[in-house]
Enquirer: 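This is the structure I have questions about; it appears just below.
Given the structure is predicted, the values throughout are model-derived calculations rather than measurements. Proteins come first, then strands; the chains are lettered A, B, ... in the order of their sequence lines, and each starts at number 1.
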Amino acid sequence: MVKQARRLAFAIAVALLVGSGIAAAQQQPTSVNPTASAVKEEQLLRQLQSVQGRITIPDAKAAVLIQPGGRDWRDLHQVSLRWIGGIAILGMLGVLILFYMARGTIPISGQRSGRRVLRFGTFERFTHWLTAGCFIVLAVTGVNVTFGKALLMPLIGADAFAGWSQWSKYAHHYLAFPFMVGLILTFFMWVLDNIPTKLDVDWFRAGGGLVGKGHPPARKFNGGQKLIFWSVIMGGVALSVTGLLLIFPFAGTTIADMQLAQIVHGIVSVVLVAVMLAHIYIGTIGMEGAFDAMSSGEVDENWAREHHALWLEEERNKAPAGGQRAAGPAE
Amino acid sequence: MATRVKFLCDADRCIECNACVTACKNEHEVPWGINRRRVVTLNDGKPGERSISMACMHCTDAPCAAVCPVDCFYTTADAVVLHSKERCIGCGYCFYACPFGAPQYPRVGNFGSRGKMDKCTYCAGGPEADASQAEYANYGANRLAEGKLPICAEMCSTKALLAGDGQIIAEIYRERVLKRGYGSGAWGWKTAYKETIAV
């Protein structure tokens, strides 16, 4: 009895609902919904990752109405890049400090002989320092963009920091070009000496003179130096390409391309800065006698025999009358 | 006035007359090549075409301010996002981060790259003294200091573009949608203010 009554009530309710629906539809049978085919923001954003239309002002890029991709870029720049950069740069510094504490300056084992051999000529040293000098300024001014606000600004104040950053930007833009020149010269100057060979595998297996005893034989450049060379070339090319894309905004690029270019530029640069810290370490306090090669260009013969035995032999054979090139007897 | 000002463009009313763009350029003497406000037409010439007037939305937790390497942005008590051209170095990062393409750069730098950034100030000037000559030269008129609303919204012939207290303009929009029975939504609100207008 109760069940039946419930069923009846339900049937009446359904009938009423259906009836009212029909009535509503009959009231406005020909009404036009002007928004039926209108674009919806959320739908566009889901489909296209950005909302783009047509614009009448002569600025085509302004036709992008909304690009939420900036949010991802913000995260990459403010969070990821800072972590990657911090780990790469501080991590490398930490490793180098620990290594120095453990190993100290690795001396020339047979003392200095007093006889000197020309390792890098004027042009080679000029190219090296052109690239290196530009790189140091580019690195400092570049790191400033990502870390300066957090590290330097609280120390010198916002206005002084803004002034310094403005000059940093100019330096970064202008010195990018001599850096690229140096990069191209470096490549053509040294590429033949930097082709990886079987020797490099043995060199790495023997610890490269950094770990373990003695120095495995090497020609003009050892495995480690070749690694530095190819890091500089490949990293430098990546930085040059992305840098050029960024220095000329919207020159064939969209905003998404520039966001990507900036992230690649940032990540490659902090990695390259870390690699260069290691390079600077080995070239200065890490190895006795190594810095001579890039300062005066002439290295001690014992150093050359230890680090680049095969190269020294080649130079000897090349030089006439068994003498050493550029090794003055007065020395 | 501890309100939270916002912009709202009612796309169902905007007729793409570009009066807001022109009024803005005129009011602030915005240089050639820079548009603080623009009108974008979606589905142009097709059924359901809509135009939306867009400028800086003065976001909550503004991405431009977060990524600026020299911290030149600040938010006023009315939640207007402004910046200092004194500090700006023209790096372009705010443009990468901005969802609305608001930051504009004069091409004055080396290699024709970016000069100091310019954007919509919500007619609220900049860090210089209100209504000073320096403020006008850098940022344009400071209508807010005079108790007026942004010129773009005041000029709007169809009252599509609304400016003012976020709650009040949201209420106006909600009433419109209820009355006419449709509305394509508050464009950009979700991205800018992390909320939208429920009708």
Side-chain angles (χ1 to χ4, degrees), chain A residues 31 33-42 44-45 50-59 61-71 73-74 77-78 144-149 153 158-159 161-170 172-174 177 246-249 255-256 258-259 262, chain B residues 11-12 16 18 21 33-35 38-52 54 63-64 66-72 84 86-93 95-101 104-105 109-114 180-191 196:
Chain A
S31 80
N33 178 1
T35 198
S37 54
V39 280
K40 284 276 193 297
E41 181 183 5
E42 285 201 34
L44 283 172
L45 286 177
S50 75
V51 180
Q52 197 159 358
R54 179 191 56 78
I55 197 149
T56 43
I57 57 171
D59 182 5
K61 64 178 186 287
V64 177
L65 184 69
I66 305 174
Q67 59 100 15
R71 211 163 17 203
W73 180 81
R74 168 185 173 173
H77 181 260
Q78 296 302 111
N144 179 58
V145 173
T146 302
F147 294 100
K149 183 159 75 166
M153 198 168 82
D159 287 315
F161 178 71
W164 142 252
S165 297
Q166 180 75 74
W167 284 106
S168 291
K169 184 190 124 169
Y170 291 144
H172 202 83
H173 279 190
Y174 280 111
F177 289 87
L246 292 170
I247 213 169
F248 298 108
I255 183 147
M258 287 192 288
Q259 287 165 349
Q262 197 281 331
Chain B
D12 301 288
E16 200 207 352
N18 277 296
V21 178
I34 291 181
N35 282 282
R38 66 196 194 276
V39 179
V40 177
T41 304
L42 307 173
N43 274 7
D44 187 29
K46 294 180 199 137
E49 174 186 311
R50 288 289 181 279
S51 292
I52 295 120
M54 183 61 80
C64 50
V67 301
C68 178
V70 295
D71 222 4
C72 79
S84 159
E86 279 290 306
R87 287 196 192 155
C88 174
I89 60 168
C91 67
Y93 281 19
F95 188 84
Y96 302 153
C98 177
F100 305 106
Q104 309 277 306
Y105 305 88
N110 37 332
F111 315 114
S113 68
R114 306 172 179 102
R180 71 189 174 206
Y182 56 86
S184 68
W187 287 81
W189 271 45
K190 198 143 201 196
T191 309
T196 190

Enquirer: Can you give me the closest heavy-atom contact between R114(B) and P249(A), atom names plus distance?
Expert: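 Smallest interatomic distance, heavy atoms only, reads NH2-CB, 3.3 Å.
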
Enquirer: Tell me, for A63(A) versus chain B, whether the close heavy atoms (under 4.5 Å) come from the side chain, the backbone, both or neither.
Expert: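 Contact with chain B involves the backbone of A63(A) alone.
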
Enquirer: Chain A: which of F95(B), Y105(B), Y93(B), F100(B) shares the most heavy-atom pairs with it under 4.5 Å?
Expert: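 Of the options given, most contacts go to Y93(B).
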
Enquirer: Which atoms of I55(A) are under 4.5 Å from chain B, going by heavy atoms: the side chain, the backbone, both sets, or neither?
Expert: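 For I55(A), the contact with chain B is made by backbone and side chain together.
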
Enquirer: Tell me, for D71(B) versus chain A, whether the close heavy atoms (under 4.5 Å) come from the side chain, the backbone, both or neither.
Expert: both

Enquirer: Could you tell me which portion of A186(B) (side chain, backbone, both or neither) has an atom closer than 4.5 angstrom to a non-hydrogen atom of chain A?
Expert: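 A186(B) touches chain A through backbone heavy atoms alone.
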
Enquirer: So which atom in K149(A) and which in V67(B) form the shortest heavy-atom distance, rounded to 0.1 Å?
Expert: NZ-C, 4.3 Å

Enquirer: Picking from G101(B), C68(B), A66(B), which has the most non-hydrogen pairs under 4.5 angstrom with chain A?
Expert: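 The candidate making the most pairs under 4.5 Å is A66(B).
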
Enquirer: Quick one: of D59(A), N144(A), V145(A), who has the most non-hydrogen atom pairs under 4.5 Å with chain B?
Expert: V145(A)

Enquirer: Distance-only, no hydrogens or angles: does the R54(A) side chain make a donor-acceptor pair with backbone N or O of D44(B) under 3.5 Å?
Expert: no

Enquirer: Any idea which heavy atoms bring F161(A) and P69(B) closest together, and the distance?
Expert: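 F161(A) and P69(B) have their closest heavy atoms at CE2-O, 3.2 Å.
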
Enquirer: Grab the two heavy atoms, one from W187(B) and one from L65(A), that are nearest each other, plus how far apart they are.
Expert: CE3-CD2, 3.9 Å

Enquirer: Side chain, backbone, both or neither: which part of Q166(A) has a heavy atom under 4.5 Å from chain B?
Expert: both

Enquirer: Identify the two heavy atoms, one from Y96(B) and one from M258(A), that lie closest to each other, and give their separation to 0.1 Å.
Expert: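 Here Y96(B) and M258(A) meet closest at CE2-CB, 3.8 Å.
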
Enquirer: Counting heavy-atom pairs closer than 4.5 Å to chain B, which one of K61(A), Q259(A), Q78(A) comes out on top?
Expert: Q78(A)

Enquirer: Go through the atoms of C72(B) and report whether side chain, backbone, both or neither lie under 4.5 Å from a heavy atom of chain A.
Expert: neither

Enquirer: Which atom pair, heavy atoms only, marks the closest approach of V70(B) to M153(A)?
Expert: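 Heavy atoms only, the tightest pair is O-SD, 3.8 Å.
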
Enquirer: Donor-acceptor check, side chain of K169(A) to backbone of C91(B), threshold 3.5 angstrom: yes or no?
Expert: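 Here the side-chain-to-backbone pair does not exist.
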
